[in-house]
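Just so you know, these numbers come straight off a predicted model, no measurement behind them.
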Amino acid sequence: MPTTHRKVGLYRLLLLTFIAVPVANYLPFLLADGRAEARFADDNFTYVQAAGYAFSIWGIIFIGMILFAWGRLRKNAEPPTEALHRGISCLMVAGLASIAFVPLSFGDNQFMIWLDIAVHLIALIIANQSLQKHCRIVERGDSWRWSFFAPSVYMGWISAAFVISTALMLDYIGFNPSNQVAIALAMILIGTLFFIGRLLINHQDVIYGLTVAWAL
C-alpha cells in the first residue's frame with residue numbers, strides 16, 4: 001500500500017497535470033482568437049466522423065478530471081491502494097499525451113496523431129480497469145466516489161477519437177479501398193465501439209456508452 005507522503009505527492013502531480021492539460025489545449029486558440037476544433041476542418045473525408053457539436057465535451061472532460069484529482073487530495077479521501085496508485089499514474093500518462101497532441105494536431109502527420117491517441121487509449125483502459133479494481137477492494141469510498149466517472153467520459157471520447165483517427169491514418173498511408181469496403185470497415189469499427197459500450201454498460205458504466213453515442 002502506498003505511503004501517505006507518496007500518495008499526496010502523486011495526487012498533487014495528477015492535479016497539476018490536469019490543470020496543465022486545458023491550458024495547453026486552449027491557450028493557443030485564445031491567443032489566436034480561434035476555435036479549437038477548427039484545426040480539424042481540413043481533415044480528409046472518411047466514413048467515420050465526429051459530430052461537429054461533439055467537441056464541446058472536452059470542457060466537461062477537463063473539469064471532470066480536475067475535480068477527480070481534487071477529490072483525491074481531500075483530507076478524508078479514498079484509502080490508498082496499489083490499484084488506485086496505478087490508475088492515477090496511467091491517467092497522468094493520458095494527460096501528457098493530451099498535451100503532446102496539441103502540436104501534433106497542427107500538422108498533417110495522421111500516423112503520429114493516431115499513435116498519440118493510441119497511447120491515450122491504452123493508458124485510459126488500464127486506468128479505468130485499475131479504478132474499478134480499487135472500487136471492488138474499497139466498497140465504501142468517500143463522498144467523491146462519483147468523480148470516478150470522469151475518467152470514463154475521457155475514455156469514451158478517446159475511444160471514439162481512436163476510431164476516427166484510425167480511418168484518417170489509413171487514408172494518410174495510402175489505404176484507398178472501394179466505397180463498399182470502406183463502408184463495411186466503418187460499420188465494423190462503429191460496431192466494435194457499440195459492443196464495448198454495451199459491455200461496460202452491463203458493468204454499471206453507462207457514462208462510457210453515452211459518451212461514445214455523443215461523439216458519433
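- Using a 4.5 Å heavy-atom cutoff, the side chains of Leu91 and Leu14 are in contact.
- In this structure, Trp70 places its CH2 atom where only 12 or fewer heavy-atom neighbours from other residues, nucleotides or ligands lie under 6.0 Å away.
- Here Leu185 contributes atom CG and Leu170 contributes atom CG; the two are 8.0 Å apart, rounded to the nearest 0.5 Å.
- Cluster membership check: Leu168 shares its hydrophobic cluster with Val181, using side-chain heavy-atom separations under 4.5 Å among Ile, Leu, Val, Met, Phe, Trp and Tyr.
- The cluster map of Ile, Leu, Val, Met, Phe, Trp and Tyr, joined by side-chain heavy atoms under 4.5 Å apart, puts Phe62 and Trp146 in the same cluster.
- Closest of all the heavy-atom pairs between Cys90 and Ala127 is CB-CB, 3.8 Å.
- Ring planes of Trp157 and Trp58: perpendicular class, angle over 60° (limits at 30 and 60°).
- Put simply, CH2 on Trp214 and OG on Ser56 are 4.5 Å apart, with the number rounded to the nearest 0.5 Å.
- With values rounded to the nearest 0.5 angstrom, Arg136 atom CZ is found 11.0 Å from Leu131 atom CG.
- Residues Leu121 and Ser159 are in side-chain contact: their nearest non-hydrogen atoms beyond the backbone lie under 4.5 Å apart.
- A donor-acceptor pair shorter than 3.5 Å cannot be found between the side chains of Tyr154 and Thr211.
- For the pair Phe68 and Ala150, the tightest heavy-atom approach, listed with the atom from each and the gap, is CB-CB, 4.4 Å.
- Residues Phe162 and Trp114 have side chains in contact (heavy-atom distance under 4.5 Å, counting atoms from C-beta outward).
- Ile66 and Leu15 get closest at one heavy-atom pair: O-CD1, 3.9 Å.
- For the pair Leu73/Arg12, a side-chain contact is recorded, criterion being any heavy-atom separation below 4.5 Å from C-beta on.
- Summarising the geometry of Arg145 relative to Val138, their closest heavy-atom pair is NH2-O, 2.8 Å, with the distance given to 0.1 Å.
- With hydrogens and angles ignored, the 3.5 Å screen pairs a side-chain donor or acceptor of Ser89 with a backbone N or O of His85.
- For the atom pair CD1 (Ile158) and CD1 (Ile122), the distance works out to 12.5 Å, reported to the nearest 0.5 Å.
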Let me see the working for Arg86 and Lys133 under side-chain contact (heavy atoms from CB on, under 4.5 Å), right down to the final yes or no.
-> CA-CA 10 Å; Arg86 181 170 57 253; Lys133 182 177 180 180; 4.0 Å; yes
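- Summarising the geometry, atom CD1 belonging to Ile188 is positioned 12.5 Å from atom CD1 belonging to Ile183; distances are rounded to the nearest 0.5 Å.
- In terms of heavy atoms, Val21 sits closest to Ser98 at CG1-OG, 3.4 Å.
- Put simply, the residue from Thr192, Ile117, Leu189 that forms a side-chain contact (heavy atoms from CB on, under 4.5 Å) with Val163 is Leu189.
- Ile61 contributes atom CD1, which lies 10.0 Å from atom CZ of Phe18 (distance to the nearest 0.5 angstrom).
- Here the closest non-hydrogen pair linking Leu84 and His134 is CB-ND1, 3.6 Å.
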